[in-house]
Every structure is written in C-alpha cells, then in structure tokens.
Amino acid sequence: MKAVNKTLVALSIGLSFASQAADDRYVIQVDNAHKGVVKALAKKLGGDLKVDGNGFIAATFAGKDLNSVKGLLNNPHIKLVESDQRRVLFAAYNDDAGDPSQAQLTPYAVYQSQANQLSFNSNAGTKVCVIDSGLDRSNQDFNWGGITGSNDSGTGNWDEHGGPHGTHVAGTVGAANNNVGVVGMAPGVDMHIVKVFNASGWGYSSDLAHAADQCSTAGANIITMSLGGGGANNTEENAFNNFTDAGGLVVAAAGNDGNNVRSYPAGYSSVMMVGANDADNNIASFSQFPSCTTIRGRGRNREEITDETICVEITAGGVDTLSTYPAGLATSASLTADSKGFAASAMENSGKITGDAYFMDTAEVTNGGANGKICVIDRGNISFHDKVQNCEDSGGLGAVIINNEPGMLYGTLGDTNQTAIPAVGAALEDRDALINAQQMSINIGTSDYGYMSGTSMATPAVSGVAALLWSNHSGCTGTEIRDALKATAQDRGTSGHDEKFGYGIAKVADANTYLKANGCSGGVTPPPSGDISLSTSTSYSKGKYRVELSWSGASSDNVDIFRNGQLKTTTNNDGSYTDVIKRASGTYTYSVCDSGTDNCSDDKSVSF
C-alpha cells in the first residue's frame, strides 16, 4: 500500500501548484483568417506556441506578466489576451477492495442512479467525449471498437494512461456489460478520448478549449470533465458555450476542497456542475458547494443575480467508487469466510492464503491458538501493525481486522511495517459472521479494478446516465436532457434546491418516465412569443463593454428590455438599444418584450 501513499503525496503536490501563476502562459484570441500573422508576431516577441486552437492560440512568454504581453501584442487582429488558467484532476485515492476479475460487479452508484433499470440504446449514436488523462488500452472492459481518441504531442497517445484517473472515469461512463469487471452507467457507449493530462496531473484552460473543438469534430454529444481550477477564462468559456449552443451537454466536477469556492469550467453557465454523495445518500465531505449568487457590474451597474447554473445542479455517487484501472495498477483484496464473500480492503503484504479462522480478540498479546490459522481481530487499543505482528508472531497465516465503527476499515500498517503476512480490513457490519467463521481465504494482489473518491467520480456517473437517457430520447437537446435530470433528481439536504445537492441525486429511470410523459420540453409551457425577432452583437471601447440589441416585430410604443431575467429598462420601440457594462464577466441573456406583456422575443445570450 506504500505506492498508494506516494500517489496521494503526488496528487497533493499537483493540487497545491494550481493556486500558483499559470507559468507565464497566455491565451490570445484572434480571427482564424489572421492567425498566421499573430503567430509570427508572438514568435518574434519571444513567445513559445503551445496550442493552436479554433480562434485562439496559447503561448508562453517567459518572465512577462499579462500587462506586458498585452502591450507587446498590440495588433488589430487580436481580440483578447488573457491568462491561461491551470486545470487539475479532481480525485482522492482510497485503498482498493474487491475482486472483480472473478465476476462482473455493479458499482453502488449504478443502483443509486437507477441506471440498472434502463437499457442503453446502442443504435442511437450517443457519444461521450472524456477529457482527462487518457484511457489505457490494457483494460479490456470496454467496447474498443467504438472508442476513438486524439493524440497530443505534450501528453502522448490517448490510449496510454497518464495516471489511472482517466481510465477510472471512462469505466464509470461506459464499461461494457460483458460478465467481467464492472459495468458502466451507459454500458458500451461510444467514446472519444482527449488526453490533456499526463502523470503530473495538470493542464491549462486553453487545452480544454481546444479539446472541446476536438470533441465536437469527433461527433460527441456529451463532454465529461473530472477536473478544474480557479479563475474563469473567456476562451475556455466560449468553447463550452458553443458546444452547448450546438445542442450538446457539458458536465464538470464541482471540486474536492469541501468549501464554497467556484471552480472552472464547472462554474460556467453552459456547464452542468456535479457534486458528490456517498452510498447512504449523504453529501460527501469534500464536495465543493459554491454560491448560486453572483455580483455583476460596479457602481450603479452593480447587481446581485441568482443563477442556478453556476453552482451545483445535481449529485451522484462519488465516494469509494469502483471502476476500471490500467492493467495491474490497482491493489485488490478479497475475503471469503465459510465460502461466502465479504467486502475487504487491502492493508499490507500481498499474498493468497486459506486456513481455519481464529478469533484473537484485539490481539494485544501473542496467542498460540492462532498458530497455522487466519487471525480475526477487533480494532482498538493498539496499532494495526502491532495487531498483525502479534498474529504473525503467534504463527498466524494472515489477519482480518474488523472496524469498531460502522463501515469499512481502511488503513495501512505504516511506513515501518515489519510484518509479512497478508492483512485486510473488514466492516463492523460483518463482524458476527467473521468471528464465528470456521474457515477463511484472503487474497491481496494487483488488479485492473479499484476504488477512487471525488467529484471526479460523480461527474462521469452523471455523464453516463445522461448518455443512457439520451440514447432513449435521441430527439432531445443536451439542455433538455440536463433539465430532465434536474427535474427528477431525488431531493436531499435542505428541502428544494440547495447549494450542496443542487436539485438532488440523479435518478435516470425517473427522468426517462418524465420524458416519456412530457416530451423533450418536459411539459413546460414556454412563454408565448409573438413576432419579435432579436439579434445581439458586442463591442469594447474606452474601457467599457457594449451589447447592441436590435429587434423588429414589437407592436407597442415602448418595449421592456430584460437582462438575465430581470427588467433592465423600458425604452422606445425604435428597434435598437445599447447596454453599457463597465466590467463585464460571464454570460448575459437578453430578451425584448412588448411593454407590460409576455409577448417576448426568444432569449439571446452573449459572453465576456
């Protein structure tokens, strides 16, 4: 288990880097027609090109801050220069348990989300794009004939892992229903893999923007991202806005710090933010819960807006979730007592042993009765290591330590472990059966399947159930699938919508029933729209952002201008209005109505 401890340290280091400056790396938005000119200028000024995306490039300028780069890149073809924000993986490792190599196991989140109650329609053409650390081809629990990917010179081949995270995520989405291993939420769903992370565990917002274009080109309906970081990025947000506007669904993790900090890309309105719950329908202690309220503008333009699309919208199982690993990278433990299988967690020392069982109480002293047998030990009073050492010194062949509180015992024997016999942890709920068992078998070894925890695990669960639902309702848009899942989520936490659970725990069979009864629109009657047609455009000058509204078809003398659902102003029906915003950030949605009526245009959104 020492390898797991080292992985935890490496992950913690990776996360700590996320708060630092983004390595003098910047995103430059530019018209594609003039990209060559800007690339040449950037190179001339010392820039090192990192990403060549659709409508933008990303480059490093060693030793230069944002203002310096903006000053250097003074060119009419450049729309915007912004920092390239770091993005990191969201997951925490736990001790691995179980032996799915012997039979196909169904993770608890599949039952919890009702995915076992609905069949995946493989003929619907649903495809999920997994932006992560790659999907390792060594694990055969996938429909490899339906999986494609995008290679990257910086991260390597998409089907070679950059750490187990991406393989674990992909398994939750769509591991095949093939009588071995685990089964995913949408078994055998087509996937496209974009590898933006390697073993170091971080990338950049420009990588995600470019990945979104690759997902779109590959024909994906859904993007799933178990990752994030601080700081919004306009280029990144635009990429996900475009994917959503084209009818897709983007899903991302809320984050694992257990606080109310908003992480991106989950914090964008076009992205569905996912929190994590456990097997008992409780919110995970690590699941982030940013506020649904935000402040926009300054001075007289300052306003407080409630937007349920910038906070947690839904949750799914993300605590101790079993899924696929690259071959041999997980540690597994299996335990049988009197020929019945029991859940167990590997503590230390690989090996396979079978023998008579001997209850050794808390094993605070050696006991000759344990000679040649497997010790069954209660937790408490002395360290795990000393318990196992006393078992071994008594001639014991292996050790099972039972928790003294509800749930599985996860632990190790410490960095100075001197024991050699295999030792596993067991749950308090199984104590009676274990202490009365006559014979036991313990097996600790490497596996292609293991456990992880994090909003990283909840996110592919939601993406998978969305794919499952969409395969049965292929005429819906991504937003309609998103709305159906929220409308039918199991309410938890504070009654109604709250900032930890959002609308609640995803229930895909209920969402399927809902769409069958109400259609893709969900039975919601849209506000009547008359003949008002609205278009928008944006501009920036003299430190101010402007949104130009143009409309036709209004019949009243005056019209009401709405921004983000709130009345902005009532003005003459002359066909145009300019909204001036000093400090614009995020997405602004506009509509124009005949004054005092609900005869309105369709909503139009702009992003800054």
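Keep in mind that what you see is a predicted model, and the values were worked out from it rather than measured. When reading the values below, keep in mind they use all heavy atoms of this one structure, side chains included, and skip hydrogens, waters and symmetry mates.
Using cut-offs of 30° and 60° on the angle between ring planes, the pair Phe142 and Trp144 is perpendicular.
Ionic pairing of Lys195 and Asp132 is not present here: no N-O contact between side-chain nitrogen and carboxylate oxygen is shorter than 4.0 angstrom. Ion pairing between a basic and an acidic side chain is recognised when a charged N comes within 4.0 Å of a carboxylate O; Arg25 and Asp48 show no such pairing. The residues Lys35 and Asp52 are annotated as salt-bridged, a charged nitrogen and a carboxylate oxygen being separated by less than 4.0 angstrom. A salt bridge is defined here as a Lys NZ or Arg NE, NH1 or NH2 lying under 4.0 Å from an Asp or Glu carboxylate O, and Arg137 with Asp159 meets this definition.
Judged by distance alone, the side chain of Asp320 and the main-chain N or O of Ser453 form no donor-acceptor pair under 3.5 Å. Remark: the backbone N or O of Ala509 is paired with a side-chain donor or acceptor of Thr513 at under 3.5 angstrom. Listed for the Thr331 side chain is no donor-acceptor partner under 3.5 Å among the backbone atoms of Thr446.
Judged by the 6.0 Å distance and 45° axis criteria, Lys500 is positioned over the aromatic ring of Phe289.
In this structure, a donor-acceptor pair under 3.5 Å is absent between the side chains of Ser138 and Glu160. A donor and an acceptor atom, one from each side chain of Thr167 and Asp136, are nowhere located under 3.5 Å apart.
Annotation: side-chain hydrogen bond (donor to acceptor under 3.5 Å, both in side chains) contacts of Gln112 (sequence neighbours excluded): Asn277, Asn281. For Asn177, the side-chain hydrogen bond (donor to acceptor under 3.5 Å, both in side chains) criterion is met by Gln104, not counting sequence neighbours.
Of the candidates Leu80, Asn233, Asn234, Val27 forms a side chain to side chain contact (heavy atoms under 4.5 Å, CB included) with just one, namely Asn233.
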- For the pair Arg482 and Glu313, evaluate salt bridge (charged side-chain N to carboxylate O under 4.0 Å, His left out) and give the outcome as yes or no after the intermediate values. CA-CA 9 Å; Arg482 177 179 180 175; Glu313 297 184 44; 2.5 Å; yes
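For the atom pair OH of Tyr264 and CG of Leu227, the computed distance is 15.0 Å after rounding to the nearest 0.5 Å.
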